[in-house]
Participant: 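Got a structure here, written out as structure tokens. Questions coming.
One is the number of the first residue; the rest follow in order along the sequence. Worth knowing before you read on, the calculation uses all heavy atoms, side chains too, and leaves out hydrogens, waters and symmetry mates. Note that the coordinates shown come from a computational prediction; the quantities given were computed from them, not determined experimentally.
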Amino acid sequence: MIEVQGVTHAIGPAAILRDIDLALPRGALTALIGPNGAGKSTLLRLIGRLEPLQRGRICVDGQDITRTPTADLARRLAILGQNTGIASRLRVRELVSFGRWPHCHGRPTPRDRSAVAAALQMFDLEPLADRFLDELSGGQAQRARVAMTVAQETDWLLLDEPLNNLDLAHARSLLAQVAAMAGQGGRGAVIVLHDINHAAAWADHVVALKHGRVHAQGPADAVLTERVLSELYETKLSVVQHAGRPLVLHHHAA
């Protein structure tokens, strides 16, 4: 479980997060949803220790992240932010291999090579493995970055809007893969999602943020309701059931 207790975060005078208390379950895909500027990416970066914690406490499986050695944390959680700043003259296979650094420190074993091969296959990258990143489409490069994160083989995956640039088929495939991984052996995934219906289709647990506060949290069915979502996005939304999952529709006034 990832526990967030009393976390408040500001950038200059602007409060980005206020008094965040969360419990994110293992064995589940958790979606972070909410309007732009709600603090979703900042929260993910704090959990992944990409930003220093200003106030509050975050524990990953009982370990306080501020006291956990970086090498240990990198074997426990993998994070993919939006601003990766990765050198474009890397080949896809090299990029995905970076995910193994916490395990092998640049001296790959057969186990590391196997994890890289599995990640390339999982995200349909085998035909592109020897291409340079600057030769790829935006969607192909995004899949390569996610594959690098998955190759790290951590208990937790933290992904910030991983569906950027992906077409429908690859977006669906990525969420299916991450949902399956999150459910295997009590692992967990936390994903910032822009599209509520991606959360509705795949998330087990949902955290809704608004103005830097927790607006709602809990099982998907409890959070993805007409009342909660209409308040969250300040627009009338309808929720129907489709194939046993919520489906969110914009309300069109007559």
Side-chain angles (χ1 to χ4, degrees), residues 28-32 41 44 48 50 74-185 187-195 197-204 243 245:
L29 191 162
T30 294
L32 298 183
S41 296
L44 202 75
L50 297 182
R75 288 190 291 269
R76 187 159 289 171
L77 58 82
I79 180 165
L80 179 68
Q82 287 192 53
N83 304 315
T84 45
I86 291 166
S88 58
R89 293 312 283 175
L90 276 176
R91 296 183 194 273
V92 170
R93 191 188 310 278
E94 293 169 327
L95 174 66
V96 176
S97 297
F98 282 167
R100 299 304 300 170
W101 182 264
H103 303 277
C104 69
H105 302 289
R107 295 186 293 277
T109 66
R111 176 81 200 83
D112 298 305
R113 283 187 277 270
S114 165
V116 170
L120 289 168
Q121 181 179 22
M122 185 182 292
F123 294 100
D124 198 19
L125 291 166
E126 287 169 305
L128 307 173
D130 295 315
R131 290 248 200 110
F132 288 108
L133 291 178
D134 60 7
E135 297 171 345
L136 304 183
S137 71
Q140 290 168 337
Q142 182 69 354
R143 276 156 43 212
R145 288 190 283 266
V146 175
M148 171 185 67
T149 315
V150 166
Q152 207 169 318
E153 290 190 316
T154 52
D155 288 335
W156 289 93
L157 268 184
L158 311 178
L159 305 175
D160 192 355
E161 296 205 19
L163 307 184
N164 283 354
N165 299 315
L166 296 192
D167 58 32
L168 282 173
H170 282 115
R172 185 187 184 286
S173 171
L174 186 149
L175 286 171
Q177 298 278 16
V178 172
M181 286 171 52
Q184 284 170 5
R187 297 166 82 185
V190 185
I191 307 187
V192 175
L193 289 175
H194 188 69
D195 185 322
N197 276 317
H198 282 134
W202 295 102
D204 307 296
R245 302 284 299 199

Participant: For the pair Leu163 and Asp195, evaluate side chain to side chain contact (heavy atoms under 4.5 Å, CB included) and give the outcome as yes or no after the intermediate values.
Facilitator: CA-CA 9 Å; Leu163 307 184; Asp195 185 322; 6.0 Å; no
Participant: Assess whether a salt bridge exists between Glu153 and Arg75, defined as any Lys/Arg side-chain N lying under 4.0 Å from an Asp/Glu carboxylate O.
Facilitator: no
Participant: Just list the side-chain donor-acceptor pairs under 3.5 Å for residues 118-131, sequence neighbours left out, or say none.
Facilitator:
none

Participant: Apply side chain to side chain contact (heavy atoms under 4.5 Å, CB included) to Val92 and Leu133, showing your working.
Facilitator: CA-CA 6 Å; Val92 170; Leu133 291 178; 4.1 Å; yes
Participant: Hey, what do you get for OG (Ser41) to CD (Glu161), rounding to the nearest 0.5 Å?
Facilitator: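 Going from the OG atom of Ser41 to the CD atom of Glu161 covers 6.0 Å.
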Participant: Taking side-chain contact (heavy atoms from CB on, under 4.5 Å) as the criterion, tell me which of Thr30, Leu158, Leu175, Leu32 meets it with Ile191.
Facilitator: Leu175
Participant: Would you check if Arg76 and Thr154 make a side-chain contact, meaning some heavy-atom pair closer than 4.5 Å?
Facilitator: no
Participant: Verify, without hydrogens or angle tests, whether Asn197 (side chain) and Ala200 (backbone) share a donor-acceptor contact under 3.5 angstrom.
Facilitator: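 Judged by distance alone, no pair lies under 3.5 Å.
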Participant: Mind checking whether Arg100 and Gln152 have side chains closer than 4.5 Å, heavy atoms only?
Facilitator: no
Participant: Does Arg172 CZ have over 12 foreign heavy atoms under 6.0 Å away?
Facilitator: no
Participant: Please report the interatomic distance CG(Asn164) to CG(Leu159), rounded to the nearest 0.5 Å.
Facilitator: 11.5 Å
Participant: Restricting to non-hydrogen atoms, name the atom on Pro162 and the atom on Val146 that form the minimum distance, rounded to 0.1 Å.
Facilitator: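 Closest approach of Pro162 to Val146: CB-CG2, 4.2 Å.
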Participant: Between CZ of Arg143 and OG of Ser173, what distance do you get to the nearest 0.5 Å?
Facilitator: 8.5 Å
Participant: Just do the side chain to side chain contact (heavy atoms under 4.5 Å, CB included) check on Val190 and Leu44 with the steps written out, would you?
Facilitator: CA-CA 8 Å; Val190 185; Leu44 202 75; 3.8 Å; yes
Participant: Is there a donor-acceptor pair closer than 3.5 Å between any side-chain N or O of Asp160 and the backbone N or O of Val192?
Facilitator: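 Side chain of Asp160 to backbone of Val192: no pair is present.
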Participant: Quick one, Asp155 and Leu77 - any side-chain contact, counting heavy atoms below 4.5 Å?
Facilitator: no
Participant: Return the minimal non-hydrogen interatomic distance between Arg107 and Asp112, and the atom names on each side.
Facilitator: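 Reported closest heavy-atom pair: O-OD2, 4.3 Å.
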Participant: Considering all heavy atoms of both residues, which atom of Ala199 and which atom of Ala31 are nearest to each other, and what is their separation?
Facilitator: CB-CB, 3.8 Å
Participant: Let me confirm one number: the CD-CG distance from Gln140 to Asn165, rounded to the nearest 0.5 Å.
Facilitator: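 Here the rounded value is 11.0 Å.
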Participant: Gln177 side chain to Leu174 main-chain N or O, any donor-acceptor pair under 3.5 Å?
Facilitator: no
Participant: Determine, step by step, whether Ile79 and Thr149 satisfy the side chain to side chain contact (heavy atoms under 4.5 Å, CB included) criterion, reporting the C-alpha distance in whole Å, the side-chain angles of both residues, the deciding distance to 0.1 Å, and the verdict.
Facilitator: CA-CA 7 Å; Ile79 180 165; Thr149 315; over 6 Å; no
Participant: I need the Glu94 CD to Phe98 CZ distance, nearest 0.5 Å.
Facilitator: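 Answer rounded to 0.5 Å: 7.0 Å.
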Participant: Please give me the minimum heavy-atom distance between Pro108 and Arg113, naming the atom from each residue.
Facilitator: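 For Pro108 and Arg113, the tightest heavy-atom pair comes out as O-NH1, 3.4 Å.
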